[in-house]
Amino acid sequence: MNWPKPGRIRDWIEERLELSALEEMGRHKRVPVHRHSIWYYMGGMTLFLFGLQVATGILLLLYYRPSAGEAFESVQFIMTQVPFGWLIRSIHSWSANLLVFVLFVHMFSVFFMKAYRRPREITWFSGVALLALTMAFGFSGYLLPWNTLAFFATQVGTEVAGAVPVVGHFMLKLLRGGEHVTGGTLTRFYGFHVAVLPATATLLLGLHLLLVQKHGMSVPPAIESEAKREGREARTMPFLPNFLLRDLIGWCVAIGILAALAAILPWELGTKADPFAPAPAGIRPEWYFCWMFQTLKLLPGHVLGIEGELIGIFGIGLAGLVWLLVPFLDPGTPGTGGRSRLFSAFGVLAILYMAIMTVWVYVAPGG
Amino acid sequence: MCVSMLYPVARYISPPEVPEASTQSVVAGREGDLKPNQGKIFRFGEQPGILVRTEDGGYRALSATCTHLNCTVQFRGDLKQIWCACHNGFYDLSGKNVSGPPPRPLEEYKVNVADGEIVVSRA
Ligand code: HEM
Ligand code: FES
């Protein structure tokens, strides 16, 4: 038999898929090099962790059962009977937390580098949508083991959605699959967690990455004007392979950290949810929801005749809207390299508020 | 066309009303289950209720669903108050919200003791 020459296989594929166009694109992709370049790795790290969530999530699906009678027991089975089940579940849980953390770092770094300026507004919007989806991933995944903490977190979280004026009650029923948190809620959350959210997130990620590819990496205005003043070209490095290899080092480190965390601190399971037991003392949500939790806790029953929780929900909703509209609110004139220090100060304030509220939850669990 | 396809989907995702047999009265426990200054959760239909035996030996029964954001409350013997662990809300033994975020009192139920059974019913 006559084997085709290797070159002919390449030609055959090339004629049908035109991969050389991709190759050409890859050759042109360059990443700016300056003293803030380290932040360019955060998006890639988030992407890597998302891939890890998909992979470990699919593995969990092989044993997990989404019903009130079986969910807790099936996760217990994964942790104690399935070979390396503890590893897969612990990595899924730890990596979910690391993902949220890296996502926050990525988001605030693009905020301070003002990468949302024209023409990257839609990149920013898709990022904010991905943030919302990630929080939804965390919230829905948290219920899946059907333990006590998760049960009350879901009570509170869905009740918050229910308190929204006009559409609240509809949303509450949509989320809970009825008036109350039951096994039906668990089955719904499971559907969101493993089908609706992954599909939506994949589409949005596609848009986000396409726009990043189209516009290239943004250079912070301060660095740009510095280079202009000194009359030199801004330095860059090729994405392939220089930048990607550096990415890979970071991903290897992340895998190492996650494996160590999973081995030393395997993720806890807690006690099975009992709808007829009181909420346990010291209850709190995952750390990335703590700033909202503490805000709701500090608000009294009524403020000027309005229910405190409504004010909290309105405030948090407004903060989300402001965050979404950042590209339009920054008064720094785009294009001229102008920047508003005052606007960056808002970012610092936001971080301070979230950090103080979160630390508060951990140091004074009762108060 | 679009409407005829979307309408069934929209209706499908909002769950059907399951008529909840509205429970009027349940046996929440037996006399002697609780010591004075102790409380416990009981099932009032599909919802949790809280039964408290006061220091003088009387009984109080209330809805156990916090009026703030739906957590299940518990009796704190040390403070002689009802406490919600979720956001540190407090109620007195008649269900009145006394501090923390809860905006409204807990619904109070009637308690009757007959033949050693503690019967709780909607007022
Ligand atoms: C396609 C993607 C994903 C699939 C198929 C998936 C699947 C699952 C399954 C089956 C569970 C229940 C088992 C368990 O509780 O250990 C779970 C739990 C969880 N997932 Fe995911 N997941 C995915 C993505 C994500 C992402 C992106 C996050 C990021 C925030 C996330 C966060 C969580 C959390 C916090 C839990 C609860 C962990 C626990 O206490 O066990 N998941 N996931
Ligand atoms: S749910 Fe009870 S205080 Fe918030």
Side-chain angles (χ1 to χ4, degrees), chain A residues 148-149 151-163 169-182 184-185 188 191 196 274-285 293-303 305-313 364-367, chain B residues 9-20 22 26 28-29 38-52 62-79 82-91 96-106:
Chain A
T148 308
L149 288 183
F151 180 78
F152 287 110
T154 306
Q155 289 279 9
V156 171
T158 49
E159 190 73 16
V160 165
H169 192 70
F170 172 77
M171 290 206 305
L172 177 142
K173 281 182 56 183
L174 194 69
L175 287 171
R176 289 187 181 169
E179 293 289 342
H180 309 295
V181 175
T182 61
T185 317
R188 273 189 183 221
V196 180
D274 173 1
F276 293 96
I283 189 169
R284 57 163 179 78
F293 165 78
Q294 187 67 14
T295 306
L296 287 172
K297 199 162 161 176
L298 290 177
L299 284 164
H302 290 94
V303 184
I306 305 171
E307 285 192 7
E309 68 201 54
L310 270 183
I311 298 196
I313 293 163
Chain B
V9 174
R11 288 301 305 270
Y12 180 88
I13 60 174
S14 26
E17 301 283 346
V18 191
E20 222 176 277
S22 81
V26 294
Q38 212 186 10
K40 70 163 199 173
I41 302 292
F42 64 93
R43 278 183 90 116
F44 199 72
E46 291 300 304
Q47 291 303 299
I50 185 166
L51 180 71
V52 176
L62 304 153
S63 154
T65 304
C66 183
T67 58
H68 181 226
L69 293 169
N70 250 31
C71 281
T72 307
V73 297
Q74 57 185 288
F75 177 66
R76 285 276 296 262
D78 53 341
L79 303 170
I82 289 168
W83 178 54
C84 177
C86 281
H87 310 98
N88 214 23
F90 284 96
Y91 302 87
K96 191 173 168 315
N97 45 320
V98 286
S99 78
R104 281 179 305 278
L106 297 170

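Since we're looking at a predicted model, the values are computed, not measured. So that the names make sense, note that chain A is the first sequence line, chain B the second, and so on, each numbered from 1.
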Taking side chain as everything from C-beta outward and backbone as N, CA, C, O, which of these in [X] sits under 4.5 Å from a heavy atom of chain B? Side chain, backbone, both or neither.
X         : result
Phe293(A) : both
Leu296(A) : both
Pro285(A) : neither

If we ignore hydrogens and angles and just use 3.5 Å, is the side chain of [X] paired with the main-chain N or O of [Y] as donor and acceptor?
X         : Y         : result
Ser14(B)  : Ala10(B)  : yes
Arg188(A) : Leu174(A) : yes
Thr72(B)  : Pro278(A) : no

Worksheet, complete the sentence: In terms of heavy-atom pairs under 4.5 Å with chain B, the winner among Gly308(A), Pro300(A), Ala153(A), Gly312(A) is Pro300(A)
Discussion item. Under a 4.5 Å cutoff for heavy-atom pairs, which residue among Gln155(A), Arg284(A), Glu179(A) has the most contacts with chain B?
Written reply: Gln155(A)
Discussion item. If the condition is salt bridge (charged side-chain N to carboxylate O under 4.0 Å, His left out), which residues does Arg176(A) pass it with, not counting sequence neighbours?
Written reply: Glu159(A)
Which region of [X], side chain (C-beta onward) or backbone (N, CA, C, O), has a non-hydrogen atom less than 4.5 Å from a non-hydrogen atom of chain A, or is it both or neither?
X         : result
Gln47(B)  : both
Phe75(B)  : neither
Pro101(B) : both

Discussion item. State whether cysteine residues Cys86(B) and Cys71(B) meet the disulfide criterion of an SG-SG distance below 2.5 Å.
Written reply: yes
Discussion item. Can you tell me how the ring of His68(B) sits relative to the ring of His87(B), calling it parallel under 30°, perpendicular over 60° and tilted otherwise?
Written reply: perpendicular
